[in-house]
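Step one of this worksheet: look at the structure below.
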There are 2 protein chains.
Amino acid sequence: MSYQSRKQIILKILDEKGDVDVKELAQVLETSEITVRRDLGTMAADGLLYRTHGGAMKLSLVNQPISFVQKSAVNADKKDHICRIAAAQIQDGDVIFMDCGSTVFRMCGFIRDKRIKVITNSLPVVHELLNSAVSINLIGGEVDAERQAVHGSMSIEHIRRYQADKAFLGVGGISVEKGLSAVSEKEAEMTLSMAANAQVTYLLCDSSKLGKDKYLTFAPLTLVNVLITDEQSSEIIQAFTNVGVKVLR
Amino acid sequence: MSYQSRKQIILKILDEKGDVDVKELAQVLETSEITVRRDLGTMAADGLLYRTHGGAMKLSLVNQPISFVQKSAVNADKKDHICRIAAAQIQDGDVIFMDCGSTVFRMCGFIRDKRIKVITNSLPVVHELLNSAVSINLIGGEVDAERQAVHGSMSIEHIRRYQADKAFLGVGGISVEKGLSAVSEKEAEMTLSMAANAQVTYLLCDSSKLGKDKYLTFAPLTLVNVLITDEQSSEIIQAFTNVGVKVLR
DNA sequence: TTTGATTTGTTCAAAAATAATCAAAATTTA
DNA sequence: TAAATTTTGATTATTTTTGAACAAATCAAA
């Protein structure tokens with residue numbers, strides 16, 4: 001197998017899995033570890049990947065602060081369950097908002113082949129979808145390094161210029177009593193703006209956040225058309241359904 | 001079997017499988033390896049396939065756009081020379097525009113410790129400066145995956161909302177006769193907008209681009225207040241100075 | 001800080017592939 | 001039909017790639 005053939009395979013695996021190791025690639029490519037090391041070295045020099053000890057990572061995953069990567073990986077199974085359901089609500093041709101939450105980010109892996117337009121303020125979402133079938137519009141404004149997202153009054157104005165079919169949003173906390181709550185006023189504003197400019201608003205929320213409130217209550221449950229969750233308790237689901245929120249799980 | 005017959009068969013196999021090897025083709029075509037090598041050589045020269053060691057690949061699998069990192073690394077010494085001079089023009093407290101050029105991007109390394117605000121449409125610039133002393137505003141709009149930048153009418157509007165002290169811009173080509181020229185109308189628009197909303201406009205241009213024009217002439221030299229270049233020829237520098245462009249080198 | 005395990009990258013030899021040269025065979029042209 | 005031209009295949013020298021071996025570097029645990 002030639003270097004170019006191996007290169008294509010390596011890039012494909014990196015795109016799918018985000019990172020690889022030398023031993024695994026040597027096995028998959030049916031070649032020696034030193035050949036794989038040379039290939040990875042060449043590809044790193046060409047700016048195609050990031051070389052780590054024992055393997056390599058996709059460039060787009062490297063420049064994210066640990067905090068976002070770790071946060072996104074917490075309850076990954078639950079989040080992926082939610083994201084599969086969310087992705088199934090999206091048809092080719094849709095225009096969708098995606099906010100900067102760690103659950104919403106994981107939707108990227110499930111929508112990359114869809115011919116849709118994504119409007120987002122999240123830098124990780126942009127990076128993840130850059131080389132995909134998705135067309136991207138990025139909301140402008142002040143960049144928040146910690147959250148890797150754009151916020152502020154300029155962002156709010158920008159969002160108002162768009163009209164989306166669907167919005168996929170996360171929150172810090174949600175309960176029947178208090179409605180939606182957040183830990184950041186900026187994020188709350190973004191959530192409100194995206195919801196206001198979409199036909200249908202989906203809330204992606206894993207079970208760890210249901211029934212729990214954060215310091216800033218910023219919207220009633222009526223902001224949400226559909227709640228997508230992994231929560232299995234009938235009582236909790238019923239409580240939301242009783243106040244008019246459709247629940248998918 | 002004639003060359004034309006073999007060619008059709010080779011192209012058919014490439015289309016089906018994406019890649020081929022010389023031995024396999026020799027067997028299928030019932031000819032010698034050297035004949036196959038000659039055929040592949042001719043076809044590669046004609047731009048029909050990509051010759052690899054031991055075989056060939058379909059062009060579409062190989063023709064990836066040159067990465068931004070690779071482009072930025074071309075003439076790195078010249079670019080860094082220019083960027084050092086550019087960085088020296090910036091004081092703490094400044095608000096500056098930075099466009100999406102590969103030379104401008106290299107300025108990041110020289111300004112990361114300055115307490116300034118950067119307004120940019122370049123994703124690599126944002127990533128490079130995220131964990132630095134710099135405050136960043138990101139221009140919103142449609143994301144161009146190849147250039148990793150944001151463009152479009154929404155972006156133009158967004159830029160107009162800001163007033164910067166300085167703008168640091170690149171161009172595709174520049175000459176005394178034709179003025180500034182570009183290979184992309186989108187980038188030309190961004191350059192014009194940033195220049196229109198800055199007090200002082202700096203053009204970063206390495207010697208390989210001086211005196212050379214691209215297909216779209218989009219602005220006269222008067223758009224530029226200061227040209228920063230690595231060019232050492234007194235004649236060329238004088239030519240620019242004669243038409244009112246201050247030159248730093 | 002030390003130590004053992006793991007990984008990396010260099011060196012070298014072997015294997016594989018390429019390209020140049022030349023002669024033979026096949027095809028085309030007059 | 002013969003001469004000229006083109007194509008093909010064999011041989012050989014050169015280049016490229018690969019894998020083994022090993023010293024140096026890195027990592028994580030003690």
Side-chain angles (χ1 to χ4, degrees), chain A residues 1-59 61-67 69-70 73-74, chain B residues 1-59 61-64 66-67 69-70 73 76 131:
Chain A
M1 200 190 303
S2 72
Y3 164 70
Q4 285 297 335
S5 297
R6 294 193 303 267
K7 183 179 162 183
Q8 299 308 317
I9 296 171
I10 291 169
L11 288 175
K12 185 166 180 284
I13 296 173
L14 260 188
D15 203 49
E16 286 166 2
K17 300 177 71 185
D19 69 348
V20 290
D21 74 38
V22 166
K23 281 191 170 53
E24 170 198 343
L25 283 179
Q27 221 171 17
V28 166
L29 300 169
E30 297 182 328
T31 192
S32 70
E33 291 183 20
I34 181 53
T35 297
V36 170
R37 283 195 238 290
R38 284 193 184 107
D39 288 348
L40 295 181
T42 302
M43 291 168 75
D46 287 344
L48 297 172
L49 51 72
Y50 178 79
R51 192 68 172 97
T52 64
H53 200 77
M57 285 179 74
K58 203 170 159 166
L59 278 182
L61 293 182
V62 174
N63 285 331
Q64 291 173 17
I66 294 301
S67 62
V69 175
Q70 283 173 333
V74 172
Chain B
M1 200 187 306
S2 75
Y3 167 69
Q4 287 298 335
S5 297
R6 293 194 304 267
K7 183 178 162 183
Q8 296 310 313
I9 295 173
I10 292 169
L11 289 174
K12 185 166 180 283
I13 296 174
L14 260 187
D15 201 51
E16 286 168 2
K17 298 177 71 185
D19 68 349
V20 291
D21 74 38
V22 165
K23 280 191 171 55
E24 171 197 344
L25 282 179
Q27 223 171 15
V28 166
L29 300 170
E30 296 182 326
T31 190
S32 71
E33 292 184 18
I34 181 54
T35 297
V36 170
R37 282 194 233 288
R38 286 194 182 105
D39 288 348
L40 293 180
T42 302
M43 291 168 75
D46 289 343
L48 298 172
L49 51 72
Y50 181 83
R51 191 70 172 97
T52 64
H53 204 79
M57 286 182 81
K58 212 168 151 164
L59 275 181
L61 293 180
V62 184
N63 278 344
Q64 287 157 354
I66 185 170
S67 75
V69 175
Q70 284 172 307
N131 299 301

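Every chain is numbered from 1 and lettered A, B, ... according to where its sequence line falls, protein lines coming before strand lines.
- One finds a side-chain N or O of B/K23 lying less than 4.0 angstrom from the OP1 or OP2 phosphate oxygen of C/dA17.
- Every residue two or more places apart in sequence or in another chain that forms a side-chain contact (heavy atoms from CB on, under 4.5 Å) with A/D19 is listed here: A/M57.
- Shown here are the side-chain contact (heavy atoms from CB on, under 4.5 Å) partners of A/S2, two or more places apart in sequence or in another chain: A/Q4, A/S5, B/T52.
- Rounded to whole angstrom, the span from the NZ atom of B/K7 across to the P atom of D/dT7 amounts to 13 Å.
- Scanning for side-chain contact (heavy atoms from CB on, under 4.5 Å) contacts around A/Q27 gives an empty result, with sequence neighbours left out.
- Residues passing the side-chain contact (heavy atoms from CB on, under 4.5 Å) test with A/I9 are A/M1, A/I13, A/V28, A/L29, sequence neighbours excluded.
- Taking a pair to require two hydrogen-bonding distances under 3.5 Å in either a Watson-Crick or a G-U wobble arrangement, D/dA28 pairs with C/dT3.
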Item to check | Sequence-aligned protein contact record of nucleotides 10-19 of chain D, with B where the base is within under 4.0 Å of a protein heavy atom and S where only the sugar-phosphate is | outcome: ------SSBB
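- The structure places OG1 of A/T35 at 13.0 Å from CD of A/E30, a figure rounded to the nearest 0.5 Å.
- Every pair tested for salt bridge (Lys or Arg N to Asp or Glu O under 4.0 Å) that includes a residue from residues 40-57 of chain B fails, sequence neighbours excluded, so the list is empty.
- Between A/G41 and B/T52, the residue anchored closer to the 5' end of DNA chain C is A/G41, taking for each the nucleotide with the nearest heavy atom.
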